[in-house]
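Values in this document were obtained by computation on a predicted structure and should not be read as measured data. All chains are named by letter (A, B, ...) in the order of the sequence lines, taking the proteins before the strands, and each is independently numbered beginning at 1.
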Protein chains: 2
Amino acid sequence: MGFRALADPTRRNILYMLAKDEMTIAEVADNFQMTRAAVKKHLAILHDGDLITVRTSGRTRVNALNPDGLRRVVDWFSYFDAFWDDHLSALKSEIEKDIQ
Amino acid sequence: MGFRALADPTRRNILYMLAKDEMTIAEVADNFQMTRAAVKKHLAILHDGDLITVRTSGRTRVNALNPDGLRRVVDWFSYFDAFWDDHLSALKSEIEKDIQ
DNA sequence: CTTTCGTGATACCTTTTGGTATTATTTTAA
DNA sequence: TTAAAATAATACCAAAAGGTATCACGAAAG
């Protein structure tokens, strides 16, 4: 799953940046103090986690957000939907009890 | 953020288990082959990430899911809502272009 | 009170992670 | 065709992660 890729704040920032616009490695690296090699590693992990796509354009590589991969991560949380509903209805019952 | 806590599959499994019912450390550990000490470490990380709550009951410690912490993680993804919408509407435009 | 059961806390080990530095490789521009 | 720019690849290092083993502690059952 892509959760491992999301564990690092640098990678989460990269995703937020790519949500604005796709970027080359150099462009991403300009926004951080670390070396390009380090940024490239982060991008590789994001790619492994299927959270970004990479396409070659001449001598540059353009990184873009992969909505499908992100959606898969978000979907993992749907398991808790019932849990939230339960707790919400429990809260609702408490409130209704208070009112009466 | 709780993302670091979600990076490990064992911890994600624990959360799924706690969604069914709250459990003591021993009960959680019974579902894994690792030692209780290892499970306790995972629970500590989940607690640090604010994804579970822990309450003492006699000589046992009961771990329960923390919906607020989970919700905070899910909310992180709302940043991409516009992104998804954009791509969906782009797709919609493509389809409409095809139809006409 | 003593024993026992569930945890807490350390110490330690191995693997992974996040980073740098350095050296190719490849594409474009002069 | 040579030089420069963007990236790839590799080796290396320190710190963190994930695990075990061990011992200490507190509640509860006899």
Taking 4.0 Å as the cut-off, does a side-chain nitrogen or oxygen of [X] come that near to OP1 or OP2 on [N]?
| X | N | value |
| --- | --- | --- |
| B/R4 | D/dA17 | yes |
| A/R59 | D/dA8 | no |
| B/T24 | C/dT7 | yes |
| A/R61 | D/dA6 | no |
| A/T60 | D/dA6 | no |

Using the side-chain heavy atoms of [X], tell me which of these nucleotides is nearest: [options].
| X | options | result |
| --- | --- | --- |
| A/T35 | C/dT7, D/dA21, C/dT20 | C/dT20 |
| B/I25 | C/dT7, D/dT7, C/dA21 | C/dT7 |
| A/R36 | D/dG19, D/dT20, D/dA6 | D/dA6 |
| A/T10 | D/dT20, C/dG19, C/dG18 | C/dG19 |

task = Determine the contact category for B/A38: base if any of its heavy atoms lies under 4.0 Å from a base atom, sugar-phosphate if only primed atoms, P, OP1 or OP2 are that close, otherwise nothing.
result = base
request  = Test for a donor-acceptor pair under 3.5 Å between the base of D/dG19 and the side chain of B/K41, counting only N and O atoms.
outcome  = yes
Atom-pair distance (CD on A/E27; P on D/dA5), nearest Å = 16 Å
